[in-house]
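Notes for the one structure printed next.
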Amino acid sequence: KPRNKQNVHTQTQLIQPELTKGFLLVASISEAFYRAAIRLAISIKDHYPDARIILFTHESFVRDKDRCLFEEIRTKIPVHSRAKLWCLDKTPFDLTLYMDCDTEVWHEDIATIFDLIGDNDIMITNIREYAGKGTKVSDTENMQYLCGLFLYRKTDRVLSFMSKWWTDYDYQISTKPWPWPHYNEKMRPWDQFTFWRLLKEEYQDIKIAIFPDDARWNFVHVYLDSETDKPIVVWHYTLAREMINAALNEYPSGPTIDFR
């Protein structure tokens with residue numbers, strides 16, 4: 001007898017590859033920033049041993065004994081006070097946590113920070129007006145975002161934004177007269193203004209959100225204790241100008257040194 005034929009519908013389940021996740025640190029201009037980056041990397045590894053970290057810096061700063069802390073060290077970066085902006089679109093990770101070098105990880109919850117991205121493109125913390133040097137961009141508008149730590153997704157649109165952040169900041173600090181007369185010219189030195197303006201005027205489609213209980217993820221040293229009742233995950237101090245200046249090195253010809 002002929003065998004009964006059954007219509008069997010076979011579905012092939014597509015298994016999505018796990019997103020790569022890592023930390024991006026940048027140390028330019030002064031070896032003081034490099035030493036701070038090493039301390040930060042150690043603190044990350046202390047609380048998250050499996051963390052993947054990439055460092056962008058100058059070849060003359062790198063010490064062989066530090067290489068074990070990083071998955072990769074890239075050199076030949078601009079000698080610039082905001083070299084971080086040049087580096088951001090060069091991340092190798094699907095999800096990247098950028099951290100200023102003058103931060104330290106204090107709590108093991110750092111291992112969970114990538115889970116907070118949700119369906120957002122960027123996660124960041126709010127500026128506290130009492131803790132800043134000025135947030136008022138016009139008579140009616142204030143900067144919102146603190147750019148010393150942020151989590152971002154590697155998409156074409158986000159990478160375009162990061163690249164534009166670098167080029168627009170360079171234009172912002174060098175162009176005279178001030179290109180945006182409807183905004184306060186006191187914003188000229190601040191990359192946070194460039195970030196805010198681009199999101200407002202050119203990249204409104206990028207989905208940005210604030211970390212829950214955001215202060216604990218980037219607790220600036222002048223914050224009030226009342227900002228959070230949970231353990232601080234990232235402590236944000238400030239390198240003294242004297243320390244930075246004392247560690248300045250000589251560089252070959254290249255991008256203009258512009259330290260603010």
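- The salt bridge (charged side-chain N to carboxylate O under 4.0 Å, His left out) analysis of residues 101-112, with sequence neighbours excluded, yields the pairs D109-R216.
- The pair D170-R82 does not meet the salt-bridge criterion, since no charged nitrogen lies less than 4.0 angstrom from a carboxylate oxygen.
- Applying the side-chain contact (heavy atoms from CB on, under 4.5 Å) test to P177 and every residue at least two apart in sequence or in another chain returns nothing.
- Taking F161 as the reference, F195, Y203 meet the ring pair (Phe, Tyr, Trp, His ring centres under 6.0 Å) condition, with sequence neighbours excluded.
- Each side-chain hydrogen bond (donor to acceptor under 3.5 Å, both in side chains) pair with one or both residues in residues 40-57, not counting sequence neighbours, appears once here: R52-E71.
- In this structure a side-chain-to-backbone donor-acceptor pair under 3.5 Å is missing from W180 to E185.
- A side-chain N or O of D213 and one of T228 form a donor-acceptor pair less than 3.5 Å apart.
- With no hydrogens or angles considered, a side-chain donor-acceptor pair links H58 and S28 at under 3.5 Å.
- Take K136 and apply the side-chain contact (heavy atoms from CB on, under 4.5 Å) test, not counting sequence neighbours, and it matches N142.
- Judged purely by distance below 3.5 Å, without hydrogens or angles, the side chains of Y223 and D225 never pair a donor atom with an acceptor atom.
- Looking only at distances, no side-chain donor or acceptor of T175 sits under 3.5 Å from a matching main-chain atom of Q172.
- Taking hydrophobic clusters as Ile, Leu, Val, Met, Phe, Trp and Tyr residues chained together by side-chain heavy-atom distances below 4.5 Å, L159 does not share a cluster with I122.
- Within the structure, every pair that satisfies the side-chain hydrogen bond (donor to acceptor under 3.5 Å, both in side chains) test and touches residues 110-121, not counting sequence neighbours, is listed here: D119-K207.
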